[in-house]
Amino acid sequence: MPTHSAYDFAAVQKKWNEKWETLGLARAEDFSKKPKKYALVELPYPSAAGLHMGHCWNYTLFDAYSRFYRLRGYNVLYPMGWDSFGLPTYNHAVKVGRDPHEVSTENVQIFKRQLKELGLGFDWEREIDTSSPEYYRWTQWIFIQMYEHWYDSNFARRDGGIGQARPISDLPIPAEIKKAGLKAIKAYQDNFRLAFKAKMPVAWCPKCKTGLANEEVLGDNTHERCGTVVEERELEQWMLRITAYAERLLADLDTVDFPNGVKAAQRNWIGKKTGVNITYQIVTDKNEEVGSITCFTTRPDTNFGATFVVVAPENPVLKTIASYMDKETLLAVEEYKKKAQSKTKLEREAEGKKKTGVATGLYCLNQLTGTKMPLCVSDFVLMDFGTGAVVGVPGHDKRDFQFAEVMGLPVIRVVKNEDGDISEITSLSQVQEAKGTMINSGFLDGLDIHEATKVITDYLEEKGWGKKITMYKFHDWVFSRQHYWGEPTPMVYCEDCGWNPVPMKELPVTLPKLDDYKMGEDGSSPLEKATSWIAAKCPNCQKDAKRETDVMPNWAGSNWYYLRYLDPHNKEKLVDFNIAKYWMPLDIYYGGQEHVTLHLLYSRFVYKFLYDLGSVPGAEPYQMRRNHGIILGPDNRKMSKSWGNVVNPDQVVEKFGADAVRLYMMFIGPYDSVTPWSEKSVIGVARFVARLHKNLSSKIRMVKDASGEVGNGDTVGLGKLKNKIAYDVENLKFNTVVSSLMEFFNKNEKANWTEKNIEQFLILISPFTPYLAEELWESLGKTGSVHAQSLEIQEESGQGVEIVEIPVMVNGKVRARLSVSIDEQEQKVVDVAMTITEIKKFLPDGHKKVVYVPGKAVNFVG
RNA sequence: GGGCAGGUGGUGGAAUGGCAGACACGGAAGACUCAAAAUCUUCUGCGGGUUACCCCCGCGUGAGGGUUCGACUCCCUCUCUGCCCACCA
């Protein structure tokens, strides 16, 4: 029931939803001569629960944005699609015993209905669905391209940069490999392919029964989707060599307009560090040499203070020296290994304070000092960073100090603090990590630590003890999932020929329908039971072979979807190059903070790869990125079923009308804020919509009765309002768009409006309240849709003399106001200002100075 | 531990270095009504003065300093909150 007026918004919405369906108002035109604008919101994951408020918020803001730019004469592309592969749909389908294809199709229908009922004008002719074979054919194509390319980091690129993906056939093969035959050549090539298979320890979710990428495992060691504590398993997995693109992913961040936080997060995620790999010989207590260990360090300057070496329990070096360790020690190492693999966040935090470890009984030789450093094992050293081994400098690294304390290892000071302190280091608080000059360090003594780092690095390289190295924190991307609802990996395994890609003309490899979609109890994919689907011919020798049963992760389809909107029905190519050239890069990409290191980084990688292939026109897909905020529940907590504070979009649209909900989405706060839903505030904008309807309806009646002659045109500032809103929309300040509209209407509600004023006002509000504007446009007797009009915005310049009211201040305190022409002479303004009674009252007898800023302020200083 | 973003009324939030608190919610009073809802009108940062009224004065954007004729805005120090990453060598 509408509660605020006689405005029957439900009927109006129904009427226009039906009419708009056929008009194609949001159609974007390839190669149009109008300026293009490609605005993208992250495509949703369609779930049975329907849209949540966050979707409504994001999509409404950019619907308004798109409509506004269309009115301003832009060729706007604002598309929508479905990221429909993924675990939630699969899990839901299995739970209710149905085919995920059907469940997914139904969910899409729910979403589409809801989007339309909010008046969101997407270009539906470009709709895509990542789980449709026509779409994932190209996801598979990208995978095969990666398989058939390697990264030549010395290749001179056409844009002047260094490093490019090249066909695997261009990979130089060493002579001895060539001699060894085809199998050896293939094995060699496999080491360089951008998509390759490798045995990897992989996080395994026992609930979802699938392997996960590191990125899908949260800090507390749980699966981000279901919250289950993950285990670790070794599996043969497809990997994508994203690390090959690390430098370009870093460097090109400078060329795009992303928020600082996003750039910082990506840099941090890539985690580039330069340092030195130092190799130490491992010796027994009888100085028998039994092996060697390489440690990565960013602080070689402190190496004179090194007193021990610690390796991760998983470090393979331990196997090679196992025969020199006693049984007890080996058992202890095994314990640490298990612990390292199943630690929760709480356990890690507890151990952050107290470290434990075990000494192997072996030693590493510090060539600098000639001392024997005990070789220890501890789980505070991580296998997946650096070399999985650390040289311990307890005097100048807090973790090393804690470890030394527990293990009773010596602490040597090699850096003099800035305050000159050179006392013995006996407590954690004395451990100085960042500043100082070298002491007790032979030829380094007296050098600043940064200078010392350079000197020692060169020295170590010269001696052959160490090697300068650049390290990255992130890893190649595990691209296999052991479940059903994803893109089949288009690879076939032949006993004789090994892995080969499915020929292009046979794509897509479609996901087979099954009788039973449940996971096997051992965690095997239901696809493994699809024997007739698995059976394939080897693309190379035509013998019987088997399909890959692992599917791709849910990021696979969403990595490149924005390209398919450009050319969604192309059967020959992923996207036509010239169409891509017209639309790319995206003008703005609006999405969630949670995607900045996953989707946003990986999709940049995929785009760069496609750029190397010559399939797309530029090196970066997103010219501008903005992150959306979060709408909390009315109780200021994150909306969640468990709190019972979820606000349902359907219900609020029914209660307040789509226009009011849209306006509230704009009005709720800055586009990137975290702010609670407040039904009280919805009432405010609903009142405004009702007032607009009532008041403008009667104005329209008056104008029509008097044949357009009644208005005397005393509307104040419609031109200024247009400029203000244009500025606000450009800067995504949607909340002040609404307040400006309210302010204008409050001022002019009772004025007489000319027909022209009403017309212009309706066009102006149409992006924000599309139904109301269209309805009133019709009752004004206008032909065509209000959304197909153009909005004239006058530039500020050339308007003649502008009068502004400026504050007149005495000693910085406002005492009066004064209306002046913006280009009035200073002396004249000051003279007038001095005659104001208020000013005379406060002006000291002999004021020293007057500051006049034209159009801004006058300030008398005493 | 690192990174990023913030701190403005009772609430959500406005403010290219130039009138702090726009706009809205909530609240108060009044109009309409048998009454209520809805709607409309006026007031609403804090403290004080004059309080018959117009008004007048002081204080105020997390704290402290700095730059400036002038600072919510720029700089420094500190503090608190939120988010992200984190035994990253």
Side-chain angles (χ1 to χ4, degrees), chain A residues 3-6 218-219 259-265 267-269 271 273 275 295-299 302 310 312 340 343 345 348-355 378-382 384-393 397-400 402-403 433 471-474 593-594 596-597 627 629-630 636 663-664 667-670 672-685 687-688 690-691 694 727 731 733 735-746 805-817 847-853 855-862:
Chain A
T3 48
H4 299 290
S5 81
L218 301 178
N260 286 340
V262 174
K263 289 190 181 186
R267 289 194 182 107
N268 180 45
W269 192 263
K273 291 250 167 78
C295 300
F296 175 68
T297 178
T298 56
R299 291 296 304 277
T302 58
V310 197
K343 251 187 285 186
K345 195 179 181 178
R348 277 191 201 153
E349 270 172 11
E351 285 166 17
K353 286 161 200 147
K354 192 168 182 178
K355 299 182 174 20
S378 172
D379 57 350
F380 89 85
V381 176
L382 307 174
D384 60 4
F385 185 79
T387 58
V390 170
V391 54
V393 183
D397 182 289
K398 294 197 172 178
R399 291 154 307 181
D400 291 351
Q402 289 172 319
F403 189 70
E433 293 179 329
M471 210 45 106
Y472 301 97
K473 214 159 76 179
F474 79 154
Q593 178 80 44
E594 69 274 25
V596 303
T597 51
N627 293 337
I630 300 169
N636 238 315
L663 270 191
Y664 177 62
F667 194 55
I668 189 167
D672 57 355
S673 61
V674 179
T675 176
W677 175 269
S678 160
E679 188 159 313
K680 291 268 173 64
S681 297
V682 189
I683 289 171
V685 286
R687 280 178 191 153
F688 179 60
R691 249 170 72 211
K694 193 175 160 193
Y727 175 86
N731 293 286
K733 292 154 71 81
N735 52 338
T736 51
V737 166
V738 180
S739 57
S740 300
L741 285 172
M742 287 173 166
E743 208 173 353
F744 174 84
F745 195 70
N746 290 347
E805 196 183 66
I806 59 166
V808 182
M809 299 181 267
V810 178
N811 289 324
K813 252 190 208 315
V814 179
R815 297 301 183 184
R817 293 151 186 58
H847 68 271
K848 290 178 196 137
K849 192 174 164 186
V850 189
V851 181
Y852 174 61
V853 184
K856 294 292 183 193
V858 186
N859 191 10
F860 293 95
V861 187

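Just so it is clear, the model here is predicted, and its values are computed rather than measured. A note on names: the letters A, B, ... follow the listed sequences, proteins ahead of strands, and every chain is numbered from 1.
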Open item on the list: Quick check on B/rC84: is either OP1 or OP2 less than 4.0 Å from any side-chain nitrogen or oxygen of A/Asn268?
Closed with: no

Considering only heavy side-chain atoms of A/Thr736, the closest of B/rA89, B/rA14, B/rC87 is B/rA14

Rounding to 0.5 Å, atoms CG (A/Asn746) and CZ (A/Arg691) come to a distance of 4.5 Å

Quick note, A/Lys273 side chain, CB onward, closest among B/rC19, B/rU39, B/rA89 is B/rA89

A/Asp400 atom CG is separated from B/rG1 atom P, nearest whole Å, by 17 Å

Looking only at B/rC87, B/rC4, B/rG13, the nucleotide nearest the A/Pro670 side chain is B/rG13

Pick base, sugar-phosphate or nothing for A/Asp397, based on heavy-atom distances below 4.0 Å to the nucleic acid.
nothing

Practice problem: With heavy atoms under 4.0 Å as the rule, sort A/Ile668 into base, sugar-phosphate or nothing. | Solution: sugar-phosphate

Given the 90°-from-0 boundary between syn and anti, B/rG9 should be labelled syn

On a heavy-atom basis, the closest approach of A/Met471 and A/Gly386 is CE-CA, 3.5 Å

Here the pair of heavy atoms bringing A/Ser378 nearest to A/Phe403 is CB-CE1, 3.6 Å

### Query
Using the P atom in both, what is the distance from B/rA5 to B/rG27, to the nearest Å?
38 Å

* Asked: Under 3.5 Å, is there a donor-acceptor pair between the side chain of A/Lys473 and the main chain of A/Asn268?
  -> yes

Taking C-beta and beyond as the side chain, do A/Tyr852 and A/Ile806 meet within less than 4.5 Å on heavy atoms? yes

Side-chain contact check for A/Asn859: nearest option of B/rC85, B/rC69, B/rC87 is B/rC69

Separation between OG1 (A/Thr387) and CG (A/Leu382), nearest 0.5 Å, reads 11.5 Å

| message | OP1 or OP2 of B/rC87 versus the side-chain N and O atoms of A/Lys398: is any pair under 4.0 Å? | response | no

A/Lys473 NZ to B/rC84 C1', in whole Å, measures 11 Å

Quiz item: Expressed as a whole number of Å, how far does the C1' atom of B/rU61 sit from that of B/rA15?
Solution: 11 Å

Original post:
Between B/rG10 and B/rG66, how far is it from one P atom to the other, in whole Å?
Top reply: 29 Å

- Would you mind classifying the nucleic acid contact of A/Met471 as base, sugar-phosphate or nothing, using non-hydrogen atoms under 4.0 angstrom? nothing

Applying a 4.0 Å non-hydrogen cut-off, can you work out what A/Asn735 is touching in the nucleic acid: base, sugar-phosphate, or nothing?
sugar-phosphate

Between CD of A/Glu679 and C1' of B/rU11 the distance, given in whole Å, is 16 Å

Quiz prompt | C1' gap between B/rG30 and B/rG18, integer Å | solution = 39 Å

Q: Answer with base, sugar-phosphate or nothing: what part of the nucleic acid does A/Lys733 contact at a heavy-atom distance below 4.0 Å?
A: sugar-phosphate

Atom CD of A/Gln593 and atom P of B/rG82 are separated, to the nearest Å, by 16 Å

Between NZ of A/Lys263 and P of B/rA5 the distance, given in whole Å, is 12 Å

Separation of B/rG13 atom C1' from A/Trp677 atom CH2, nearest Å, is 17 Å

- prompt: Given side chains that start at C-beta, do those of A/Val390 and A/Asp400 come closer than 4.5 Å, heavy atoms only?
  reply: yes

B/rA71 and B/rC83: how far apart are their C1' atoms, nearest whole angstrom?
-> 28 Å

Contacts of A/Val853 and A/Tyr664 projected onto RNA chain B by closest heavy atom; the upstream (5') one is A/Tyr664

With side-chain contact (heavy atoms from CB on, under 4.5 Å) as the test, would you mind laying out the steps for A/Val738 and A/Tyr664 before giving the verdict?
CA-CA 9 Å; A/Val738 180; A/Tyr664 177 62; over 6 Å; no

query: Checking all strands, does A/Pro259 fall into the base, sugar-phosphate, or nothing category for heavy-atom contacts under 4.0 angstrom?
result: nothing

Output for pair (A/Met742 CE, A/Phe667 CZ), nearest 0.5 Å, gives 4.5 Å

Among the nucleotides B/rC69, B/rC85, B/rC4, whichever has the atom closest to the side chain of A/Val851 is B/rC69

All heavy atoms of A/Trp269 vs all of A/Phe474, minimum pair found to be O-CB, 3.3 Å

A/Ile806 atom CD1 is separated from B/rG70 atom C1', nearest whole Å, by 14 Å

**Message:** Classify A/Ala265 by what it touches in the nucleic acid, base, sugar-phosphate, or nothing, heavy-atom distance under 4.0 Å.
**Reply:** nothing

Looking across every strand, which nucleic acid part, if any, lies under 4.0 Å from A/Val381 by heavy atom: base, sugar-phosphate, or nothing? base

Closest of B/rU39, B/rG18, B/rA89 to the A/Leu382 side chain is B/rA89

* To do: Pick the C1' atom in B/rA52 and in B/rU33, then give their distance to the nearest Å.
  => 33 Å

Please report the distance separating the C1' of B/rC72 from the corresponding atom of B/rU51, rounded so that it comes out in whole Å. 34 Å

Of A/Phe296 and A/Ala264, the one whose closest nucleotide on RNA chain B sits nearer the 5' end is A/Ala264

Point to revise | Whole-Å C1' distance, B/rC57 and B/rC32 | key: 41 Å

Under a 3.5 Å distance rule, please check whether A/Asp397 uses its side chain to pair with a backbone N or O of A/Val393 as donor and acceptor. no

Separation of B/rG1 atom P from A/Lys355 atom NZ, nearest Å, is 13 Å

Value for CG (A/Leu663) from CG (A/Asn735), rounded to nearest 0.5 Å, stands at 12.0 Å

Which of B/rC83, B/rG13, B/rA89 is nearest the side chain of A/Thr298? It is B/rA89

All heavy atoms of A/Thr597 vs all of A/Ala265, minimum pair found to be CG2-O, 3.6 Å

Quick tally for nucleotides 23-32 of chain B: nucleotides whose base has a protein heavy atom under 4.0 Å get B, sugar-phosphate-only ones S, the rest -, giving BSSS------

Counting only Watson-Crick and G-U wobble pairs with both atom distances below 3.5 Å, the stems of 3 or more consecutive pairs that include RNA chain B are B:1-7 with B:79-85, B:10-12 with B:23-25, B:26-31 with B:39-44, B:45-49 with B:55-59, B:62-66 with B:74-78

